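Structure first, commentary second.
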Amino acid sequence: MTDYSSSHKRLFRRAFVHRTPWVLMALLSFLSAASIIVLMHGLSVAIDSVFMQETPLALIQPTLVLIIGAIAVRGVLFWIHEILVQKTASEIKANLRQQLFGKIQQLGPAWTETQNSGDLAATAVEGVEKLDAYYARFIPAAIHMTVVPIVIVITVFLIDWLSGLILLITGPLIPVFMSLIGMRARQQTQKQWATLRNLSSHFLDAVQGLRTLKLFTREHRKHAEIEHISDRFRVSTMGVLKIAFLSGFVLELFASIATALVAVEIGVRLIEGHIGFQVGLFVLLLAPEYYMPFRMFGAQHHAGMEGTESAGRVFAILDTNALSAKVFIDGNSDEQSLSYSQQFLQNEYSEPVKSQAYFKDEAATEEHAGNRSVSLVFDNVTFTYPGKSYPVLSNCSFLLPREKKTALVGVTGSGKTTILRLLTRQLAPDRGWITLDGMPATGTDDGTWLEKMAVVSQTNWFFDNTILANLQAARPNATHEDVVLASQVAGAHEFIEKLPDGYLTRTGEFATRFSGGERQRISIARALLKDAPILILDEPSSALDPESEERINCALDELMVNKTVFLIAHRLSTVRKADNILVLEDGRITAQGSHSYLRANCKLYEQMVSTYTS
Ligand code: ADP
């Protein structure tokens with residue numbers, strides 16, 4: 001209930017950010033009311049003259065012209081009103097969709113991974129589209145209902161106060177009835193919208209997971225589930241329609257009874273001679289026009305409710321706090337913690353020669369930021385996932401020396417992926433700071449930050465477009481020759497050339513027409529094209545067969561030339577080549593050095609190597 005009314009308020013506020021179109025709509029409604037009055041007055045005068053006064057038709061020609069003019073003006077006003085309404089509603093919707101997409105981008109993959117894509121798609125497409133009814137029909141109807149009846153009732157009061165009083169009392173009863181029926185309708189609309197989102201989620205699940213469903217011969221079950229939800233959706237839609245029809249019936253009945261009341265009241269007074277025929281007819285003609293905006297509003301009330309319901313979910317997304325939007329706190333907020341360089345030097349497992357060679361002059365973070373030999377600094381970073389009582393990373397510190405290969409190892413769940421997410425700004429640290437090529441994360445926008453890195457991971461996303469477009473996504477101004485060269489180096493050119501449409505072959509959403517190794521080679525070509533100084537490899541060859549792995553490793557060797565490489569190693573086969581290996585344990589780097597050094601000095605590393613080789 002509260003959510004519903006707050007969505008209503010927010011939708012209203014959003015509509016009135018730009019007041020001009022709504023003021024214009026109110027003005028058009030006023031002019032429309034004026035044209036109705038002129039039209040009905042003209043009609044009553046013409047009928048009175050011809051039938052009661054027996055005036056020849058020729059004499060009432062100016063009145064007939066007035067009637068035709070009023071009809072034409074009403075038509076033109078309606079036309080302008082519709083254009084204005086549609087334009088305003090489309091602008092608001094486009095703006096909201098843009099905001100929603102911007103928010104989803106800001107929330108980033110760390111958030112979207114926790115959401116159901118079908119539900120998100122339903123909200124961004126159907127949910128926003130439903131607002132069309134709200135902005136293009138419900139609000140204009142509300143404005144019309146506020147302006148037109150007031151103009152008509154004042155006119156009627158001026159010419160016949162008794163009829164004016166009846167209109168004044170009966171008119172507002174219609175919205176009161178409507179809101180009583182609306183309370184019941186709201187629950188039904190909520191149910192309908194929730195079922196629709198559920199249906200979208202299940203449908204997308206079924207499409208994306210078709211292979212798994214088939215393998216487990218569970219497609220019939222999913223089929224039955226979708227059938228069941230479709231049926232629930234049908235029932236809830238019928239429920240909503242039932243209420244919509246019921247409210248329509250009540251409205252029509254009430255408006256007819258109220259008009260009849262005015263007609264009876266005027267008829268009685270006409271017989272008694274207390275009112276003139278022309279005045280009586282004029283009021284009688286105005287009465288249905290007076291109730292019309294109330295009826296229109298009632299009819300659109302249902303559409304407005306649907307819009308408000310779907311807006312609830314849109315606003316919930318807009319209000320979500322991004323994990324990546326946590327405030328960056330610079331420096332060592334934890335007074336107890338040591339600066340990372342001191343930690344490294346004091347760490348009993350650190351390889352002294354190598355670490356000093358890398359870090360010898362770095363005593364303070366500011367110096368690292370400006371130091372040309374260091375590419376990235378992770379300084380006392382602490383991060384806790386919402387809902388978790390303990391941090392995944394706790395005062396975690398390390399450096400990536402420029403143009404060197406650094407590998408990160410740790411048992412599953414130690415926080416390697418979290419470090420990757422922090423580096424790529426999908427998350428922001430609770431404490432500590434991250435510096436990249438001298439730029440502190442604070443105050444650096446995502447674009448500038450991410451431009452400096454290319455990521456190749458186990459799963460890479462492909463847009464449903466051509467191979468060429470997918471490659472050019474990394475560097476939009478890359479020529480065809482650049483693309484071919486990168487593909488050759490990555491070992492992808494050969495198989496792309498063999499495809500019937502070559503580089504213009506469509507990849508499809510998941511690029512499933514290609515093998516795992518081929519997909520990886522395209523991703524490596526993409527990273528080569530980006531040519532970023534830092535290369536993050538999230539074990540790109542781990543899911544491949546030995547032959548593909550060998551080819552990928554060759555391509556990666558080309559990619560790593562002159563780059564600062566950060567290899568997140570879920571398996572240990574690739575770490576040997578690294579200049580320095582970092583061991584992540586209990587949320588911090590507990591040891592670092594070469595493969596042989598760590599084997600001799602770090603128990604955890606030795607255990608991991610033995611487990612892997614056995
Ligand atoms: P690794 O990549 O080393 O296997 P992760 O960084 O994926 O480890 O995970 C570290 C810890 O954080 C795990 O305990 C995991 O359950 C938790 N974790 C990862 N992602 C989330 C998330 N989105 N929300 C809550 N906890 C998470």
Side-chain angles (χ1 to χ4, degrees), residues 103-117 119-120 201 316-317 319-327 349 376 378-398 400 406-432 434 441 446 453 455-461 520 523 534-544 565-575 578 580-592 598 602-609 611-612:
K103 184 71 190 186
I104 291 174
Q105 269 188 321
Q106 186 205 351
L107 291 170
W111 179 80
T112 49
E113 278 163 16
T114 63
Q115 303 295 307
N116 184 297
S117 343
D119 179 24
L120 276 185
S201 320
I317 295 179
D319 291 343
T320 308
N321 283 325
L323 286 174
S324 59
K326 275 191 197 172
V327 180
Y349 292 132
L376 186 126
F378 226 70
D379 189 6
N380 275 310
V381 170
T382 298
F383 180 82
T384 311
Y385 280 105
K388 290 254 164 143
S389 52
Y390 55 91
V392 180
L393 299 178
S394 172
N395 293 322
C396 178
S397 302
F398 62 87
L400 295 192
T406 308
L408 177 71
V409 298
V411 294
T412 303
S414 56
K416 300 183 292 294
T417 308
T418 307
I419 289 183
L420 172 74
R421 286 175 176 165
L422 285 159
L423 282 181
T424 50
R425 311 248 304 196
Q426 296 170 41
L427 302 173
D430 301 330
R431 279 185 291 138
I434 305 172
D446 278 1
M453 50 183 77
V455 182
V456 183
S457 62
Q458 293 165 37
T459 48
N460 294 290
W461 179 257
Q520 283 304 37
S523 310
I534 298 182
L535 179 65
I536 301 176
L537 302 175
D538 185 15
E539 196 88 82
S541 57
S542 64
L544 303 177
V565 179
F566 188 46
L567 171 67
I568 299 181
H570 296 273
R571 300 187 319 164
L572 295 180
S573 58
T574 39
V575 299
N580 195 35
I581 303 168
L582 308 170
V583 182
L584 181 65
E585 194 183 355
D586 298 332
R588 57 198 344 238
I589 304 296
T590 51
Q592 51 124 10
L598 288 175
C602 176
K603 216 163 118 195
L604 176 67
Y605 187 78
E606 172 53 23
Q607 265 173 9
M608 285 196 292
V609 172
T611 315
Y612 181 70

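In this chain, residues are counted from 1 in sequence order. Please read all numbers here as calculations on a predicted model, not as lab measurements. We count ligands from 1, going down the list as the structure has it; atoms in each ligand are counted the same way.
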Name the option, out of Tyr390, Tyr385, Phe383, that contains the heavy atom nearest to atom 21 (C) of ligand 1.
-> Tyr385
Please check whether [X] reaches ligand 1 - meaning an N/O of the residue sits under 3.5 Å from an N/O of the ligand, judged on distance alone.
X      : result
Lys416 : yes
Gly415 : yes
Thr412 : no

Quick one: does Ser414's side chain have a donor or acceptor within less than 3.5 Å of a partner on Glu585's backbone?
-> no
So, for Asn380 and Ser397, which heavy atoms are closest and what is the spacing to 0.1 Å?
-> N-OG, 2.7 Å
Enter the distance from Leu422:CG to Leu427:CG here, rounded to the nearest 0.5 Å.
-> 5.0 Å
Given the rule in the side chain to side chain contact (heavy atoms under 4.5 Å, CB included) test, do Ile589 and Leu408 qualify, once you have shown the distances and angles that lead to the verdict?
-> CA-CA 9 Å; Ile589 304 296; Leu408 177 71; 3.8 Å; yes
Near-ring test Phe398/Phe566, centroid separation under 6.0 angstrom = yes
Applying side chain to side chain contact (heavy atoms under 4.5 Å, CB included) between Leu584 and each of Ile419, Leu604, Val411, Val409, report the one that passes.
-> Ile419
If you count the atoms of ligand 1 from 1 in the order shown, which ones are under 4.0 Å from a heavy atom of Arg421?
-> 20 (N)
What do you reckon, does Gly413 put a non-hydrogen atom under 4.0 Å from ligand 1?
-> yes
How does Val392 reach ligand 1, if at all, at less than 4.0 Å between non-hydrogen atoms: by side chain, backbone, both, or neither?
-> side chain
